[in-house]
*Asks:* 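Dropping a structure here in C-alpha cells format, bear with me for questions.
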Amino acid sequence: MSNPQQLRYSKEHEWLSTAEDGVSTVGITEFAANALGDVVFAQLPEVGDTVTAGETCGELESTKSVSDLYSPVTGEVTEINQNVVDDPSLVNSAPFEGGWLFKVRIGEEPGDLLSADEYAEFSAN
C-alpha cells in the first residue's frame, strides 16, 4: 500500500492535501478503506459547516461496521464530494482520487499531522 508523499495524514486515518488558496481536500486512507470493508453509505458534513480538528464530522457505514469520520483540521467546509454520497464504493476503489470526501477552508491546522512515511510506520503497528 503506497501513501501519496504530497499528502499529510492523521492518526484517525484521514488524509489532507496541501492547501490551494487556503482550501484542502480531505479523504480517508487506503488503510482505513480496507479496514472498513465495502463502504455502502457516507454521511458527510454540509457546505458551510465548521469542522474541528480531531472531532467527528460525519460517518462511513460499511458492510462490516459504522465508523466516525474525523476532521484532520479546523475550518469551514466549502464542498462535499456528491459522487461519494451517490456511490460510496468510490471510497474503496479510489481513496486518494475520486473517493475524496470534502474540501475545507483551513482556519487552523494541527501540528501533529504525519508525513506519508510516518503514517506508513504508524499504520503498520
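Every value quoted in this text rests on a predicted model; they were computed, and no experiment measured them.
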*Asks:* Ring-plane angle category for Tyr119 and Phe31, please: parallel below 30°, perpendicular beyond 60°, tilted otherwise.
*Replies:* perpendicular
*Asks:* Assigning hydrophobic clusters by single linkage (Ile, Leu, Val, Met, Phe, Trp, Tyr; side-chain heavy-atom cutoff under 4.5 Å), is Ile106 placed with Val51?
*Replies:*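 In one cluster: yes.
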*Asks:* Hey, could you give me the CD/OG1 distance between Glu12 and Thr56, rounded to the nearest 0.5 Å?
*Replies:* 9.0 Å
*Asks:* Which one of Val40, Leu36, Val39 satisfies the side-chain contact (heavy atoms from CB on, under 4.5 Å) criterion with Thr63?
*Replies:* Val40
*Asks:* If you count the non-hydrogen atoms of other residues, nucleotides and ligands that lie under 6.0 Å from CD in Glu118, is the total more than 12?
*Replies:*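 Yes.
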*Asks:* Can you check whether Phe102 reaches Asn81 side chain to side chain, under 4.5 Å on heavy atoms?
*Replies:*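 Contact flag for Phe102/Asn81 side chains = no.
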*Asks:* Heavy atoms only: give me the nearest Thr29-Trp15 pair and the separation to one decimal.
*Replies:* N-CD1, 3.8 Å
*Asks:* Nearest 0.5 Å, what's the CG-CD distance between Asp68 and Glu55?
*Replies:*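 Here the rounded value is 11.5 Å.
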*Asks:* State, yes or no, whether a side-chain contact exists between Pro72 and Val26 at a heavy-atom distance under 4.5 Å.
*Replies:*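 Pro72 reaches Val26 side chain to side chain.
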*Asks:* Would you indicate whether the side-chain heavy atoms of Ser71 and Thr52 approach each other to under 4.5 Å?
*Replies:*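 No, their side chains stay 4.5 Å or more apart.
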*Asks:* Taking all heavy atoms of Ala32 and all of His13, pick out the closest pair and write down the distance.
*Replies:* CB-CB, 3.6 Å
*Asks:* Rounded to the nearest 0.5 Å, what's the gap from NZ on Lys103 to OG1 on Thr25? Could you check?
*Replies:*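 Atom-to-atom, Lys103:NZ and Thr25:OG1 are 4.0 Å apart.
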*Asks:* For a quick test of reading the model, state the closest non-hydrogen atom pair linking Asn92 to Gly37 and the distance between them.
*Replies:* ND2-O, 2.7 Å
*Asks:* Where do Asp21 and Arg105 come nearest, in terms of heavy atoms and distance?
*Replies:* O-NH1, 3.0 Å
*Asks:* Would Val23 end up clustered with Leu44 when hydrophobic side chains under 4.5 Å apart are linked, directly or stepwise?
*Replies:* no
*Asks:* For the atom pair OH (Tyr70) and CD (Glu14), what is the distance rounded to the nearest 0.5 Å?
*Replies:* 8.5 Å
*Asks:* Taking atom CG of Asp112 and atom CG of Leu114, what is their separation to the nearest 0.5 Å?
*Replies:*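 One finds 7.0 Å between CG of Asp112 and CG of Leu114.
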*Asks:* Verify the cluster assignment for Val66 and Val85: are they in a single hydrophobic cluster under the rule of side-chain heavy atoms below 4.5 Å apart?
*Replies:* no
*Asks:* Is the number of heavy atoms from other residues, nucleotides or ligands under 6.0 Å of Glu79 CD greater than 12?
*Replies:*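 Result for CD/Glu79: enclosed.
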*Asks:* Identify whether Leu69 and Leu16 are in the same connected component of the hydrophobic contact network (ILVMFWY, side-chain heavy atoms under 4.5 Å).
*Replies:* yes
*Asks:* Test of understanding: clusters of I, L, V, M, F, W, Y form through side-chain heavy atoms closer than 4.5 Å, transitively. Do Val77 and Val84 belong to the same one?
*Replies:* yes
*Asks:* Is atom CD of Gln5 surrounded by more than 12 heavy atoms (other residues, nucleotides or ligands) closer than 6.0 Å?
*Replies:* yes
*Asks:* Rounded at 0.5 Å granularity, tell me how far OH in Tyr9 sits from CG in Leu113.
*Replies:*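 One gets 11.0 Å once the value is rounded to the nearest 0.5 Å.
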*Asks:* Return yes if some donor-acceptor pair links the side-chain N/O of Ser17 with the main-chain N/O of Ser24 below 3.5 Å, else return no.
*Replies:* no
*Asks:* Looking only at non-hydrogen atoms, find the nearest pair between Ile28 and Leu101 and report the distance.
*Replies:* CG2-CD1, 3.8 Å
